[in-house]
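Remarks on the structure that follows.
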Amino acid sequence: MVEIDMENPIPYHVQIKNLLRKEIIDGRYKEKIPSERELMNRFSVSRTTVREAITHLVNDGVLTKVHGKGTYISPKRPIEEWLNSLHSLTETVRKMGMKPGSVLLNSGVMTEPRYFADKIGEKEFFTIERLRTADGDPIAIERHYYSREIGHQLSKHDLETAAIYELIEKKLGIELHQAEQFISCKRISDMDAENLGIPKGINVLCVERLIKGADGKPIELYISFYKPDMYVFRIKTKRQKYSS
């Protein structure tokens, strides 16, 4: 059983939050987590520290507190992605306390459509197409487009289980600096609808994102289609005050 590291500068409540999130994803708890007293004894910390960790998980939608009964793992709910930073679907699903998964549908070098090649800035491009899941349930079809060079390096890894952005940053040493993203509603193809388990011919959320490096050169064109009832985009805004 993993415990907190008393020598680690990361605050205890953050360590406990991360440990509980991992244990929830791994399926250690089926309906509810241990009581505050049990967690206090396990980690040798105060009730305040335990409550702070749990509060963070409640705010993230991972846990639900039921008065007089305890703290329960939240039922299946839409994946919520905040648009104030760049993160992968794998990271977003993990943050929700769910287990991300992938099924590789296709990969290889292509020359068409030219729109993708023009966006990447190459005559030929490498594509990775995957069905994405959260706790085993289909949530999205993702298509990644790269230069042949990047695609060749990625193809050396297991694309069905790999977290692609982690590979790009940690294995390939490429910085994902900034992205321009468009969210729209588009008709999904019959094949994608079948893979997602939704009716054919309907419109779904579509995301197109172009990621560039610090030098401004394109690294990835990303296009995804999301199961309508399983994904929500969130953003916080602040009204700009104008002087008359």
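Given the structure is predicted, the values throughout are model-derived calculations rather than measurements.
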Below 4.5 Å, heavy atoms only, C-beta onward: do Ile139 and Leu89 meet side chain to side chain? yes

Is it the case that the side chain of Asn106 and the backbone of Glu129 share a donor-acceptor pair, with hydrogens and angles ignored and the cut-off at 3.5 Å? no

Side-chain ion pair, Asp192 and Arg143, N-O less than 4.0 Å: yes

Kindly say whether Arg51 contributes a backbone atom to a donor-acceptor pair with the side chain of Thr55 at under 3.5 angstrom? yes

Run the side chain to side chain donor-acceptor pair (under 3.5 Å) test against Gln178 and tell me which residues pass, sequence neighbours left out. none

Give me the one residue out of Ile54, Leu20, Leu57 that meets side-chain contact (heavy atoms from CB on, under 4.5 Å) with Thr71. Ile54

ILVMFWY network linking Tyr222 to Tyr145, side-chain heavy atoms under 4.5 angstrom: no

Could you state the interatomic distance from CG (Leu19) to CG (Asp5), rounded to the nearest 0.5 Å? 10.5 Å

Working for side-chain contact (heavy atoms from CB on, under 4.5 Å), residues His144 and Thr127: CA-CA 6 Å; His144 306 258; Thr127 181; over 6 Å; no

Tell me, which pairs form a salt bridge (charged side-chain N to carboxylate O under 4.0 Å, His left out) where one or both residues lie in residues 149-175, sequence neighbours left out? Arg94-Glu166

Looking at every heavy atom in both Thr90 and Pro100, which two are closest together, and how far apart are they? CG2-CG, 3.9 Å

Looking at every non-hydrogen atom in both residues, tell me the closest pair between Leu221 and Ile120 and how far apart they are. N-CD1, 3.5 Å

How far does CD1 of Ile33 sit from CZ of Arg28, to the nearest 0.5 angstrom? 11.5 Å

Contact list for residues 107-116, test side chain to side chain donor-acceptor pair (under 3.5 Å), sequence neighbours left out: Tyr115-Glu208

Chi angles and distances behind the side-chain contact (heavy atoms from CB on, under 4.5 Å) call for Phe43, Gln15: CA-CA 10 Å; Phe43 296 116; Gln15 292 189 54; over 6 Å; no

Are the side chains of Tyr146 and Ile164 in contact, using a 4.5 Å heavy-atom criterion? yes

Say you draw a straight line from OG of Ser46 to CD of Glu36; how long is it, rounded to the nearest 0.5 Å? 10.5 Å

When clusters are formed by joining ILVMFWY residues with side-chain heavy atoms under 4.5 Å apart, either directly or through shared neighbours, do Val50 and Ile4 land in the same one? yes

Do the non-hydrogen side-chain atoms of His177 and Lys212 ever get within less than 4.5 Å of each other? no

In terms of hydrophobic clustering (I, L, V, M, F, W, Y; side-chain heavy atoms under 4.5 Å; direct or indirect links), are Leu159 and Leu105 co-clustered? no

Nearest heavy-atom contact between Pro199 and Ala193 is O-CB, 3.8 Å

Got Tyr226 and Ser224 here, is their nearest side-chain heavy-atom distance under 4.5 Å? yes

So do the side chains of Val103 and Asn195 get within less than 4.5 Å of each other, counting heavy atoms only? no

Supply the atom-to-atom distance Leu210 CG to Glu220 CD, rounded to the nearest 0.5 angstrom. 8.5 Å

Might you point out which heavy atoms bring Val109 and Glu124 nearest each other, and give the distance in Å? CG1-CB, 4.0 Å

Going by an N to O cut-off under 4.0 Å, is there a salt bridge joining Arg42 and Glu23? yes

Should Val207 and Leu196 be regarded as members of a common hydrophobic cluster, given that ILVMFWY residues are connected when their side-chain heavy atoms come within less than 4.5 Å of each other, either directly or indirectly? no

Close side-chain approach of Ile219 to Ile174, heavy-atom, < 4.5 Å: yes

For the CG atom of Leu172 and the CG atom of Leu167, what is their distance to the nearest 0.5 Å? 7.5 Å

Please walk me through it: do Val45 and Ile16 pass side-chain contact (heavy atoms from CB on, under 4.5 Å)? CA-CA 10 Å; Val45 296; Ile16 294 171; 3.8 Å; yes

Run the side chain to side chain donor-acceptor pair (under 3.5 Å) test against His157 and tell me which residues pass, sequence neighbours left out. none

Set of residues satisfying ring pair (Phe, Tyr, Trp, His ring centres under 6.0 Å) with respect to Tyr165, sequence neighbours excluded: none

Counting N and O atoms only, with roles assigned by atom type, does the side chain of Asn203 sit under 3.5 Å from a partner on the main chain of Cys185, one being a donor and the other an acceptor? no

For His87, is the NE2 atom crowded, meaning more than 12 foreign heavy atoms sit under 6.0 Å from it? yes

Treating Asn18 as the side-chain partner and Val14 as the backbone partner, does any N or O pair qualify as donor plus acceptor under 3.5 Å? yes

N/O donor-acceptor pair under 3.5 Å between Glu52 side chain and Thr49 backbone: no

So, the side chain of Arg132 versus the backbone of Glu142: is there a donor-acceptor pair under 3.5 Å, distance only? no

Using 30° and 60° as the class boundaries, would you call the ring planes of Phe125 and Phe116 parallel, tilted or perpendicular? perpendicular

Side chains of Ser155 and Phe126 in contact at under 4.5 Å (non-hydrogen atoms): yes

So if you build clusters from Ile, Leu, Val, Met, Phe, Trp, Tyr with side-chain heavy-atom gaps below 4.5 Å, do Val93 and Ile141 land together? no

When rounded to the nearest 0.5 Å, the distance separating NZ of Lys99 from CD1 of Ile24 is 14.5 Å

If you take all heavy atoms of Ile73 and Leu63, which pair is closest and at what distance? CA-CD2, 4.0 Å

Considering only heavy atoms from C-beta outward, does the side chain of Arg209 approach that of Leu86 to under 4.5 Å? yes

Run the side-chain contact (heavy atoms from CB on, under 4.5 Å) check on Arg187 and Asp190 step by step: do they pass? CA-CA 9 Å; Arg187 184 185 184 279; Asp190 289 351; 3.9 Å; yes

To check you understand the geometry: which heavy-atom pair defines the closest contact between Leu104 and Arg130, and what is its length? CD1-CG, 4.0 Å

Side chain to side chain contact (heavy atoms under 4.5 Å, CB included) partners for Lys32, two or more places apart: Tyr72

Check this for me: Arg148, atom CZ, are more than 12 non-hydrogen atoms of other residues, nucleotides or ligands nearer than 6.0 Å? no

